[in-house]
2 protein chains.
Amino acid sequence: MKDQTTRDHIIEAADRLFYQQGFEHTSFSHIAGAVQISRGNFYYHFKTKDEILEAVINKRLADRRMMLGQWEIDGDTPVDRIQSFINILLVNKDKIQLYGCPIGTLSTELAKLNHGAQEQANQLFTLFRSWLGRQFSLLGRDRDADVLAMHVLAHSQGVATLANAFNDEAFIRQEVRQISDWLAEIAGHCPKEQGQQQLSKKEQEK
Amino acid sequence: MKDQTTRDHIIEAADRLFYQQGFEHTSFSHIAGAVQISRGNFYYHFKTKDEILEAVINKRLADRRMMLGQWEIDGDTPVDRIQSFINILLVNKDKIQLYGCPIGTLSTELAKLNHGAQEQANQLFTLFRSWLGRQFSLLGRDRDADVLAMHVLAHSQGVATLANAFNDEAFIRQEVRQISDWLAEIAGHCPKEQGQQQLSKKEQEK
DNA sequence: GTCTATACACGGATAGAC
DNA sequence: GTCTATCCGTGTATAGAC
């Protein structure tokens, strides 16, 4: 599990560089330099730049699925889990101020490049969208679960974009507070929530 | 007023191409081809690519200042004017679905490129931020005018990013409705608003 | 002001030795 | 698996003729 192959190292470096510098701006030389291998060796692992992009997106998908799975385990209620999503803005605030959201900025770039991998990259958004939608459904908001999910997703994207532009941590905290209040209000109006708080996983274990 | 110089044509084409394809992805050849001049001629007007970028940003600043000025004339109340801002999402929905927000995507790209013009590009955001802040101040929300302005700005950015990713017009309409309701509620709670409706510019002219 | 020709660096990609 | 050497296209930028 711990013995990373050269291929893994390449994907890891590319993931980081694509995020920090953008996909197009990152060259083979950049990645090869970061991994400390020659450019020639590079092509043994990946035939084209698009193949690396595909691998990076797949890695990001796997990483995020893992993260969402963990939130399901840690979060006792749907509200807790949605709050975990909102909190990424705080947890990753430094990187977001420097580079924006890794999912949003990649999607935006690929759209402009009219790149074939755009659909694949959007699966990252879809992953969060579906997951958030399920949480809102569990809250008893089955009818507008997807609308609420998209709203939360859009909010986090907007905050990331402006936090990046203005390099403003206070703004992130402000907006996280606002959307958390909004979430609490949503939860308060939900019929299924009040009585279920004590039926959460951890409580059941006792 | 109507005799555009070659320089103006270049800026116009670059403006459009930077928006549609991104700054880095757009080459001199692209722009020269669009303007129907040779690449060599190009350098008579602009010495470097960065000079074109600077000119494009200045043009965008001038265009947006003009637009905001028009909204001041057309909009009777601060609420009307803020609503004008929100409505850009609807007015430009087709382009937003294809290319995102011209201001947000440029800012995001320049941040990744670590480009010197980033600060200049952010003046576009600042322009809207200040303008929106003034409108909220006029609504009697002087204390949190900037917070509200940033909130509206972030919302529009988030909607643009996701509308672009999912190419989803219904989502835009949905979110515009939501933020409009929010605005109406904000206005309803504002002490200065109710009594001032009839003191608007057009009413005063009579 | 506009053109052609050209210099030069860099990026993606391949061939073949070790 | 990893390396060096190399090809080719494109991108920025310049020189100089018209």
Side-chain angles (χ1 to χ4, degrees), chain A residues 1-59 106 109-110 112-118 120-121, chain B residues 2-57 59 106 109-110 112-118 120-121:
Chain A
M1 202 71 174
K2 195 65 191 173
D3 62 314
Q4 289 202 310
T5 64
T6 302
R7 190 190 153 90
D8 291 333
H9 279 123
I10 292 174
I11 295 173
E12 215 169 82
D15 186 11
R16 201 185 69 246
L17 289 170
F18 287 174
Y19 176 39
Q20 294 174 345
Q21 312 184 331
F23 167 68
E24 192 172 31
H25 189 61
T26 301
S27 68
F28 283 92
S29 303
H30 283 133
I31 306 172
V35 187
Q36 305 257 43
I37 60 170
S38 70
R39 276 190 302 162
N41 183 7
F42 210 98
Y43 287 85
Y44 172 78
H45 301 282
F46 295 96
K47 308 265 175 289
T48 68
K49 201 180 176 185
D50 291 351
E51 273 186 32
I52 307 175
L53 177 59
E54 201 186 321
V56 166
I57 296 176
N58 283 334
K59 175 181 161 29
L106 180 64
E109 182 178 5
L110 295 184
K112 287 225 194 285
L113 300 182
N114 217 345
H115 195 289
Q118 203 189 333
Q120 201 196 342
Chain B
K2 194 65 191 171
D3 62 314
Q4 289 202 309
T5 64
T6 301
R7 190 189 154 90
D8 292 333
H9 279 123
I10 291 173
I11 296 172
E12 213 169 84
D15 186 12
R16 199 185 69 246
L17 289 170
F18 287 174
Y19 176 39
Q20 295 174 344
Q21 312 184 329
F23 168 68
E24 192 173 31
H25 189 62
T26 301
S27 69
F28 284 93
S29 302
H30 283 132
I31 306 172
V35 187
Q36 305 257 42
I37 61 170
S38 71
R39 277 189 301 163
N41 183 6
F42 211 98
Y43 287 85
Y44 171 79
H45 301 282
F46 295 96
K47 308 268 176 285
T48 68
K49 201 179 174 184
D50 291 352
E51 274 186 31
I52 308 174
L53 177 59
E54 201 186 320
V56 166
I57 295 175
K59 174 182 161 27
L106 181 64
E109 182 178 4
L110 295 183
K112 288 226 193 283
L113 300 183
N114 217 345
H115 195 288
Q118 204 188 332
Q120 201 195 344

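Each chain gets a letter, A, B and so on, in the order the sequences are listed, and its residues count up from 1. The model shown is predicted, which means the values in this text are computed figures rather than measured ones.
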Quiz item: On DNA chain C, which is the earliest and which the latest nucleotide, 5' to 3', with an atom closer than 4.0 Å to a heavy atom of chain B?
Solution: C:dG1 to C:dT6
Quiz item: Can you list every pair that meets side-chain hydrogen bond (donor to acceptor under 3.5 Å, both in side chains) and has a residue in residues 43-55 of chain B, with sequence neighbours left out?
Solution: B:Asp50-B:His115
Self-check item: DNA chain C: 5'-proximal contact among A:Lys47 and A:His30 (nearest heavy atom)
Solution: A:His30
Quiz item: When the nearest nucleotide of DNA chain D is assigned to A:Ser38 and to B:Lys49 on a heavy-atom basis, which residue is associated with the more 5' position?
Solution: A:Ser38
Practice problem: Would you indicate what B:Phe28 reaches in the nucleic acid, counting non-hydrogen atoms under 4.0 angstrom: base, sugar-phosphate, or nothing? | Solution: sugar-phosphate
Exercise. Could you tell me the separation between the CD1 atom of B:Ile52 and the C1' atom of D:dT12, rounded to a whole number of Å?
Key: 10 Å
Quiz prompt | Pair A:Ser27, A:His30: side-chain N/O donor-acceptor within cut-off below 3.5 Å | solution = yes
Exercise. Taking the side chain as every heavy atom from C-beta outward, state whether B:Val35 and B:Asn41 have any pair of such atoms under 4.5 Å apart.
Key: no
Quiz item: Sequence neighbours excluded, which residues qualify as side-chain hydrogen bond (donor to acceptor under 3.5 Å, both in side chains) partners of A:Glu12?
Solution: A:Gln4
Practice problem: In whole angstrom, give the distance that lies between atom CZ of A:Phe42 and atom P of D:dT4. | Solution: 15 Å
Exercise. Name every residue in residues 14-27 of chain A that has at least one heavy atom under 4.0 Å from any atom of DNA chain D, in order of residue number, or write none if there are no such residues.
Key: none
Quiz prompt | For B:Gln21, side-chain hydrogen bond (donor to acceptor under 3.5 Å, both in side chains) partners two or more places apart | solution = B:Thr26
Exercise. Kindly say whether A:Phe23 contributes a backbone atom to a donor-acceptor pair with the side chain of A:Glu109 at under 3.5 angstrom?
Key: yes
Quiz prompt | Sequence-distant partners of A:Gln120, side-chain hydrogen bond (donor to acceptor under 3.5 Å, both in side chains), two or more places apart | solution = A:Asn58
Practice problem: Starting at atom CD of B:Glu51, determine the distance to atom C1' of D:dT12, rounded to an integer number of angstrom. | Solution: 13 Å
Quiz item: So do the side chains of A:Phe46 and A:Leu53 get within less than 4.5 Å of each other, counting heavy atoms only?
Solution: no
